[in-house]
Amino acid sequence: MKTCLRFISRFIYISAERNKVASFVSSVRYYNAAAAKTLSDCRWEEGKSSDTQKWSSLEHKGPYFPPEYEPLPDNICFNYDGQPVKLSPVTEEIATFYAKMLDHEYTSKEVFQNNFFCDWREEMTKEERKLIKTLSKCDFSQIHKYFVEKSEERKNMTKEEKQVLKEEASRLMEEYGYCLLDGHREKIGNFKLEPPGLFRGRGEHPKMGKLKKRIQPEDVTINCSQDSKIPAPPAGHRWKRVQHDNTVTWLASWLENIHGRPKYIMLNPSSKLKGEKDWQKYETARRLKMKVDSIRKQYRRDWTSREMKIRQRGVAIYFIDKLALRAGNEKDDESADTVGCCSLRVEHITLHRRLDAQEHVVEFDFLGKDSIRYYNKVPVEKQVFKNLKLFIKHKDPEDDLFDRITTVKLNKTLNESMPGLTAKVFRTFNASTTLQDQLNKLTTEGMTVEEKILSYNRANRAVAILCNHQRAAPKTFERSMQLLQEKIQKKKEQIEEAKKELKEAKKAHKDAPSDKSKKCKKHQVPIEKIYNKTQRDKFAWAIDMTDENFQF
DNA sequence: GGCTAGACTTGGTTCCAGAAAC
DNA sequence: GTTTCTGGAACCAAGTCTAGCC
């Protein structure tokens, strides 16, 4: 396992939090029925928001603005070409963004350096720009050291000092962290505006290192109900706009300057609005269960269609269904080169007539969402293999594999098969089905809580593999693994010892049975053992609505 | 039908508090 | 008492998908 992990240098997720799509199902199987509320006392019954109108009343305090920049003390110098230079506050603040990241791999990348330096120079005064012309002559080390020390100071704060900070944070949460939506006090997901900094794109992102500018109240649009108390902008400022649009769920929005796309302040996943959406998502996936056989029959028929676009569509849906691939919308050139199903290129697949004793194998190798590598060798049906050969014929490696279809066309077809069906529903459906099947397979009546949790983790791992959920190995991975191996060895020794003891105890029981030796416990897994508080809050709707007999 | 903007979800990374280990 | 580890929460980048425009 260790070798394998090293080879791909990433982890397969087994955490329940990540397999959100599957959590609903699993919350049921292990769910302690005694804790269930009746349907009548749950807020999910209260009346659904319609598809267009999301709320009737919405009141909030507006976003929380990050604190203004505090200039560096006079003894901390930025040096250019060996000489100390006092920077203007704006220039200095941006320098601190870079200085704080000196330990990070990002700052060694040329794209990051160039983007940073270009954006930094734009914010400089004329004089600064005239002087500071080369990044390699910039010395941020004093600033870096200063922030490392500050961080150490924070860590070494006394209990009392930490308590003061904690109280301040909870005061902020109380003031800005909640809104009033249709009379309910709901938690907001991200009430703090994103602070300025340097953009960290994932993978080989062409915009990494660019300056994420400070958001001003004048950039922010507020959304709330007309008769509510309109949030006050910070002193001396005004909002960009105040609107009262109840067809959207966001509380505030602004345009981020890196891609020029809107960003939002929205509700926490535990809120009624988000919960309803989530519930709907799983219901659509459950409807797909009823329809999936006919959809599969249809896409199989499409594989032999006379029309190329229909054949391509049939194979694409087959991949989305079988491999849980994402739809793969077209992307602009100003982001990392990642793909999904519809945007696969010829270079992302290799066809093997025969491989490892299997026939008609497709080898996938591409970067998906977040530049996470998808590598898989999959035996496919003969007709799919034939079609793929046809699709790549006379094409260059960088040509689109599915050149006749788009995600929009594909989703249109899916929607005709079943209202509400899109490519991503297959991911939810297949993840949920896999989890349910695995749980059915891996759990039996007499299992202990620990055994059931192990089965749950194994089932979750199967989902993670299907969905290609991975994360980078932590820096301390090697050391942790070593410690773990030592622990395993110790446990093995303990097990051997326990086995011996059991043997002796059995023999003793046979010779002279006692009350103690007759007991054997029955376990149910309390939901707290599977889901943390956040997850239980988020899936409150599922907990409220299901019983222990639920099957996806 | 193609393009774009906008709204929303998904999910990987980072930070930090509290637990566990030393 | 100190250090290390771990899990949860927060953060935010990167997806999906739809509506509206031309």
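Please read all numbers here as calculations on a predicted model, not as lab measurements. Below, chain A is the first sequence line, B the second, and so on; all start at residue 1.
- Here the straight-line distance linking atom SG of Cys342(A) with atom CD of Gln312(A) works out to 9.5 Å at 0.5 Å rounding.
- With Thr338(A) as the partner, the side chain to side chain donor-acceptor pair (under 3.5 Å) test is satisfied by one option alone out of Lys331(A), Arg202(A), Lys369(A), Glu204(A): Lys331(A).
- Taking only side-chain nitrogens and oxygens, Thr249(A) comes nearer than 4.0 Å to OP1 or OP2 of dC8(B).
- The distance between atom NZ of Lys192(A) and atom C1' of dC15(B), rounded to the nearest whole Å, is 11 Å.
- Counting any heavy atom pair closer than 4.0 Å across all strands shown, Tyr264(A) reaches a base atom.
- Under a cutoff of 6.0 Å and an axis angle of 45°, Lys212(A) and Phe199(A) do not form a cation-pi pair.
- For Arg427(A) and dG11(B), the shortest distance from a side-chain N or O to OP1 or OP2 is below 4.0 Å.
- In this model, the phosphate group of dT10(B) is not approached by any side-chain N or O of His469(A) to a distance below 4.0 Å at OP1 or OP2.
- Between the base of dT10(B) and the side chain of Lys424(A) there is no donor-acceptor pair shorter than 3.5 Å.
- Ion pairing between a basic and an acidic side chain is recognised when a charged N comes within 4.0 Å of a carboxylate O; Lys150(A) and Glu153(A) show no such pairing.
- Between dC17(C) and Thr422(A), a contact under 4.0 Å exists linking OP1 or OP2 to a side-chain N or O.
- Within the 4.0 angstrom heavy-atom criterion, only backbone atoms of the sugar-phosphate kind lie near Gly328(A); the bases stay farther away.
- If you take CZ of Arg200(A) and P of dA10(C), they are 19 Å apart, rounded to a whole angstrom.
- Phosphate contact (OP1/OP2 of dG11(B), side-chain N/O of Arg326(A), threshold under 4.0 Å): present.
- Side-chain proximity of Asp370(A) to dA14(C), dA7(B), dC12(C): nearest is dA14(C).
- Salt bridge annotation for Lys210(A)-Asp119(A): present, with a cationic side-chain nitrogen under 4.0 angstrom from a carboxylate oxygen.
- OP1 or OP2 of dC8(B) lies within a sub-4.0 Å distance of a side-chain N or O belonging to Lys54(A).
- Mapping Lys309(A) and Lys369(A) onto DNA chain B by nearest heavy atom places Lys309(A) closer to the 5' end of the strand.
- Residue Pro195(A) is in sugar-phosphate contact alone, with no base atom involved, counting any heavy-atom pair closer than 4.0 Å across all strands shown.
- Considering only side-chain N and O atoms, Lys281(A) lies under 4.0 angstrom from the phosphate OP1 or OP2 of dT10(B).
- Within the structure, a side-chain polar atom (N or O) of Asn411(A) is placed less than 4.0 Å from OP1 or OP2 of dC17(C).
- Lys212(A) comes within 4.0 angstrom of the backbone, heavy atoms only, and of no base.
- Note on Met208(A): nothing from the nucleic acid sits closer than 4.0 angstrom, heavy atoms only.
- Each of Ser335(A) and Gly420(A) lies near DNA chain C, and the nucleotide nearest Ser335(A) is the one positioned closer to the 5' end.
- Between dT16(C) and Asn329(A), a contact under 4.0 Å exists linking OP1 or OP2 to a side-chain N or O.
- No contact: Lys162(A) has no heavy atom under 4.0 Å from any strand.
- Across all strands shown, Ala336(A) has no heavy atoms under 4.0 Å from either base or sugar-phosphate atoms.
- Atom CD of Glu105(A) is separated from atom P of dT13(B) by 12 Å (rounded to the nearest Å).
- Counting only heavy atoms from C-beta on, Met173(A) has its side chain closest to dA10(C) among dT14(B), dT18(C), dA10(C).
- Checked options Glu167(A), Glu174(A), Glu168(A); the residue passing with Arg171(A) is Glu168(A) (criterion: salt bridge (Lys or Arg N to Asp or Glu O under 4.0 Å)).
- In this structure, the CG atom of Leu198(A) is 14 Å from the P atom of dT14(B), given to the nearest Å.
- Along DNA chain B, the nucleotide closest to Lys277(A) and the one closest to Lys166(A) are compared, and the more 5′ of them pairs with Lys277(A).
- Here Glu186(A) does not pair with Lys272(A) in a salt bridge; the nearest charged N to carboxylate O distance is not below 4.0 Å.
- Atom CZ of Phe191(A) is separated from atom C1' of dC12(C) by 15 Å (rounded to the nearest Å).
- Taking atom CG of Leu251(A) as the reference point, atom P of dG6(B) lies 18 Å away to the nearest angstrom.
- Whole-Å rounding puts the His205(A) NE2 to dG12(B) P distance at 17 Å.
- Within the nucleic acid shown, Gly368(A) comes within 4.0 Å of sugar-phosphate atoms alone, with no base atom in reach, counting heavy atoms only.
- When heavy atoms are screened at a 4.0 angstrom cut-off, Thr406(A) is found touching no nucleic acid atom at all.
- For the pair Leu410(A) CG and dT16(C) C1', the interatomic distance rounds to 12 Å; values are reported in whole Å.
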